[in-house]
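Working notes, structure below.
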Amino acid sequence: MKSQDIRATFLKFFKDKGHLIVPSAPMVTKNDPTLLFVNSGMAPFKEYFLGNGTPKNNRISDSQKCLRVSGKHNDLEEVGYDTYHHTLFEMLGNWSFGDYFKKEGIAWAWELLTEVYKIDKDILYVTVFEGSEDADNLKMDTEAYDIWKQFIPEDRILKGNKKDNFWEMGEQGPCGPCSEIHVDIRSAEEKAKVSGSSLINEDHPQVVEIWNLVFMQYNRKANGTLEDLPNKHIDTGMGFERLCMVLQNVQSNYDTDVFKPIISEIATITGTKYGIDTKQDIAIRVIADHLRAVAFSIADGQLPSNTGAGYVIRRILRRAIRYGFTFLDTKEPFIYRLVAILSTKMGAAFPELKAQKQLIENVIKEEESSFLRTLDKGLILLDGIISENKTKEISGEKVFELYDTFGFPIDLTALILSEKGFTLDEKGFQEELQKQKNRSRAASESSTEDWSILVNDPVEEFIGYDALDADVKITRYRKVTSKKDGEMYQLVFNLTPFYPEGGGQVGDKGYLEDIHGDVIYILDTKKENNVIIHFTKTLPKHLNENFKAVVDKKQRFRTECNHTATHLLHQALREVLGTHVAQKGSAVHSKYLRFDFSHFSKLTLEEISDIEHFVNARISGKIPLEENRNITLKKATEEGAIALFGEKYGDTVRAIRFGNSIELCGGTHVKNTADIWHFKIKSESAVASGIRRIEAITNDAVKDFYSENNKTLLEIKETLNNVKEPVKAIKKIQEENADLQKQIAALLKEKAQNLTGEIDNQLQEINGVQFLAIKVDLDANGIKDLAFEVGKKHQNLFLLFATAPAKDKAMLTCYISKELAKERGYDAGKVVRELGKLIHGGGGGQNFFATAGGKNPSGIAKALEKAQDYLV
RNA sequence: GGGGUAUUAGCUCAGUUGGCUAGAGCGCUACGCUGGCAGCGUAGAAGUCAUCGGUUCGAAUCCGAUAUACUCCA
């Protein structure tokens, strides 16, 4: 059975059981601060389990793309070594939200595996939760055990501990016991030698878990205790790649048709063969796996970067490059060339791969080149370290510096060192790494308390599209403590006019006022698992009373100007540059807006000005806002709205229209484009290969910008005695200035030559040395020039110059011919240090040239007098 | 979010306890030599040493802040 059919069969099976089939949610999470990526099939449905929303159907099924880079088995550094763990994988899942529970969950899983997929019953094992004797004191899941008994002999029902058979979403939240289904695909001979049941959960590559059925029945509170959930849920997840391995009768996920085409392409490009050399095989698996993770992520709009989710993607890609570099001898970018085969093979199930093939290739290629440069640089640094090192062991500190500051991977360092007969202090390195981790952890430490419920009102209504203030009640609140912000409170209302950060638009600020006139400021508004949360520094005194919630109108209005301008900018870009332009991110603040988009080259000044004109034409066109809060996604796209990759949309969406600009958008906008007043692009730059960024301002910010510019211009004009053409005048001044500088240089040279002559005449020979100590009227540079000018003519000079540039400033300069200083052991530095005391100062320099400064010009005479003492 | 490193000529970079009159290679300009492929020689132009502030007689160098880039950790 082909992988595509395996996926389709799964979905059809659950569709027939009354499930709604939904497409995979984007892999990058936007609505959950505790998670960077979707790491399991249930993550996109978290808000339903938390009771913050109602699903469209109480039975849902899908195939979800997931990314895991850490966890029980999925340490990034281990992927590729075995044949059944991945960074990116598909999770087939079926869910019951308060509907069916263990009985159907188990029966259907069994039916699908054994009757539809026709997996031999004898190679299946299941596990159930055995209970725990710790603080939770949970009983064994006999309910699940009794159901399984009907399908499978009891000797293949194993009891598992809390680690394996009790599933938790995080430190808090819904959780419950689970039942895993394992498969043993070893040969009959091996089975005869070692029993399958003894290999369950023992990391055997052919005895693996394929499906986990989670029975959510508890809620874990912040204090660690469990309470029963009012509604019980089913959450299951089956590893798609492993299922393919079983159904295609192969021994490794990498031998399925999911990976095979990619692997053979890698072999072709690198001129290697899969299945011959263990190390090369690992490298090939690493690259095949990581390619998928990186390509899917870029398609979902998450580009490699140096923070957050983007950094995870960069790390994954760099790991692939490293393995290619070390084991497949690839010194040029090549991973980008694999995107073509990936998009051909998976483009049908995941159209975003096909649509964005070009961008994915560009971004990967650019990352590859830049990392290869990093490696080159690191190799040079490492050479330097080796040649300077006195022993055969390189310290952990140095290796860590190479890794931490310059990004040179530790495994490459170790390899190169061992090739050259050096070792490295592994322990020291690990210590440095641990220190770094502790620093980061300490800085981001925070604790979150349980919600205190004041009013039971689970649905918080957003009224901010129509109102900027409202009478509200606080329904619940909690305290959050972090190192950075200290103690903060998060408040939830029964309804709110506050717009939460989202769609690039910043959250509203404002205040809460109670009937006694007490005011609490709302510093930010965010959305978390579908709940709008208001951040305050203090807790209101009278929590149970009514409050007036008021949004900061000025900030909101400025933000709306920028948001609407963003839409017009998007339209302008597609109009001026072409329809290949796609939004890759935007930030809408009150003070400015930022818009990232795909485009292959730097914008010309004409293009920028065309874009500005386009937007400003629509502003002066006074186009009214047409808002449709409840239009089907299908109808909206038919009308010309563009859905973004990596965004999660419901069946009905909100469409925002200004003339021909139509966007699916949850943000707030001005009522008429005329409100924006004016649009001005402030900068255009690159953020990655194939991605450009525009920063722009509107309304008040533009007024400030022009008035600031105008002020500067007026000042310039005034300085130039109000000339009519300041540019011309400045150019003229510049020319004159250059001319004058040349003249001054010539004059100074002449002056120095004259002085040189004078000094020549005044030199006295003392003890075989041409000596002079004299006060001159030059600045520090002039004296320097003079000294070296005279120095060119004589071989045995000892000069001391003094000058008093100001009433309370004095300076001494000592010049001694190099050879003389060397032969006789004279030290100009010592001379000025000692004589410097006479002018109440100090100084130093080299043995042949030194300067000193001080505050007492009246000491100069004495210093000049004492100079010849050094010659004796 | 927290660290580290870097920012010097158009480009790539050197500049070792604060004082070598801020340098090299490539590129550029001029002149000369030269029968091609990165030919050679001589001369020259080009720097607010990222920005702002501090310490010091003196800062490219030390300290602080800001900006940008790279990098590691979360």
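Numbered from 1 within each chain, the chains take letters A, B, ... in sequence-line order.
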Tell me every residue that passes salt bridge (charged side-chain N to carboxylate O under 4.0 Å, His left out) with [X], counting only those two or more places apart in sequence or in another chain.
{"X": "A:Glu528", "value": "A:Arg478"}
{"X": "A:Lys584", "value": "none"}
{"X": "A:Glu168", "value": "A:Arg220"}
{"X": "A:Glu77", "value": "A:Arg319, A:Arg322"}

Under the 3.5 angstrom rule, does the side chain of [X] hit a backbone N or O of [Y] as a donor-acceptor pair?
{"X": "A:Thr525", "Y": "A:Asp508", "value": "yes"}
{"X": "A:Thr330", "Y": "A:Gly324", "value": "yes"}
{"X": "A:Asp827", "Y": "A:Gly829", "value": "yes"}
{"X": "A:Thr87", "Y": "A:Arg68", "value": "no"}
{"X": "A:Glu367", "Y": "A:Pro304", "value": "no"}
{"X": "A:Asn562", "Y": "A:Val588", "value": "no"}

Does [X] reach a base, just sugar-phosphate, or nothing at all? Heavy atoms under 4.0 Å.
{"X": "A:Phe400", "result": "nothing"}
{"X": "A:Arg373", "result": "nothing"}
{"X": "A:Arg833", "result": "nothing"}

Review point. Under 4.0 Å: is that the gap between some side-chain N or O of A:Tyr311 and OP1 or OP2 of B:A74?
Key: no
Review point. Within the pair A:Arg314 and B:U71, is there a side-chain N or O less than 4.0 Å away from OP1 or OP2?
Key: yes
Review point. Does the cation-pi check pass for A:Lys537 over A:Tyr489, that is, NZ or CZ under 6.0 Å from the six-membered ring centre and within 45° of its axis?
Key: no
Measuring only the [atom1] atom in each nucleotide, how far is [N] from [M]? A whole number of Å is fine.
{"N": "B:G27", "M": "B:A45", "atom1": "C1'", "value": "13 Å"}
{"N": "B:G23", "M": "B:A43", "atom1": "P", "value": "15 Å"}
{"N": "B:G18", "M": "B:C33", "atom1": "C1'", "value": "47 Å"}
{"N": "B:U61", "M": "B:C20", "atom1": "P", "value": "13 Å"}
{"N": "B:A60", "M": "B:A9", "atom1": "P", "value": "15 Å"}
{"N": "B:U8", "M": "B:C52", "atom1": "P", "value": "16 Å"}
{"N": "B:U7", "M": "B:A50", "atom1": "P", "value": "7 Å"}
{"N": "B:U68", "M": "B:A14", "atom1": "P", "value": "24 Å"}

Heavy atoms from C-beta onward define the side chain here; which of [options] lies closest to that of [X]?
{"X": "A:Thr374", "options": "B:A74, B:U71, B:C72", "answer": "B:U71"}
{"X": "A:Arg318", "options": "B:C73, B:U71, B:C20", "answer": "B:U71"}
{"X": "A:Ser440", "options": "B:C20, B:G1, B:C72", "answer": "B:G1"}

Distance check needed: [N] [atom2] versus [X] [atom1], whole Å only.
{"X": "A:Leu375", "N": "B:U71", "atom1": "CG", "atom2": "P", "answer": "11 Å"}
{"X": "A:Gln434", "N": "B:C72", "atom1": "CD", "atom2": "P", "answer": "18 Å"}
{"X": "A:Tyr403", "N": "B:G3", "atom1": "OH", "atom2": "C1'", "answer": "13 Å"}
{"X": "A:Gln436", "N": "B:C72", "atom1": "CD", "atom2": "P", "answer": "10 Å"}
{"X": "A:Asn438", "N": "B:A74", "atom1": "CG", "atom2": "C1'", "answer": "11 Å"}
{"X": "A:Tyr815", "N": "B:U21", "atom1": "OH", "atom2": "P", "answer": "9 Å"}
{"X": "A:Arg441", "N": "B:C72", "atom1": "CZ", "atom2": "P", "answer": "18 Å"}
{"X": "A:Leu381", "N": "B:C70", "atom1": "CG", "atom2": "C1'", "answer": "13 Å"}

Revision key, fill the gap. Symbol by symbol from the 5' end, with Watson-Crick or G-U pairs under 3.5 Å, [ ] crossing and | another strand, RNA chain B is (((((((..((((.....[...)))).((((((.....)))))).....(((((..]....)))))))))))).
Practice item. Hey, could you give me each pair passing salt bridge (charged side-chain N to carboxylate O under 4.0 Å, His left out) that has a residue in residues 838-856 of chain A? Not counting sequence neighbours. Key: none
**Study point:** Test ring-ring contact (aromatic ring centres under 6.0 Å, His included) applied to A:Phe406 - qualifying residues, sequence neighbours left out
**Key:** none
Check your understanding: Just by protein heavy atoms under 4.0 Å, how would nucleotides 4-13 of chain B read 5' to 3' in B, S and -?
Key -> BS--------
Study note, to complete from the structure: Quick tally for nucleotides 62-67 of chain B: nucleotides whose base has a protein heavy atom under 4.0 Å get B, sugar-phosphate-only ones S, the rest -, giving ------
Practice item. Considering only NZ, NE, NH1 and NH2 on the basic side and carboxylate oxygens on the acidic side, decide whether A:Lys435 and A:Glu432 come within less than 4.0 Å. Key: yes
Practice item. If a pair satisfies side-chain hydrogen bond (donor to acceptor under 3.5 Å, both in side chains) and one of its residues is in residues 395-406 of chain A, list it, with sequence neighbours excluded. Key: A:Asp404-A:Gln436
Collect all protein-nucleotide pairs involving nucleotides 54-60 of chain B in which both atoms are nitrogen or oxygen and the distance is under 3.5 Å.
from  : atom 1 : to       : atom 2 : distance (Å)
B:C57 : O4'    : A:Gly853 : O      : 2.9
B:C57 : N1     : A:Gly842 : O      : 2.8
B:C57 : O2     : A:Gly842 : O      : 3.4
B:C57 : O2     : A:Gly853 : N      : 3.2
B:C57 : N3     : A:Gly842 : O      : 2.9

Side-chain atoms of residues 798-805 of chain A: list all donor-acceptor pairs with protein atoms under 3.5 Å, sequence neighbours left out, distances to 0.1 Å.
from     : atom 1 : to       : atom 2 : distance (Å)
A:Thr803 : OG1    : A:Val776 : O      : 3.3
A:Thr803 : OG1    : A:Leu778 : O      : 3.2

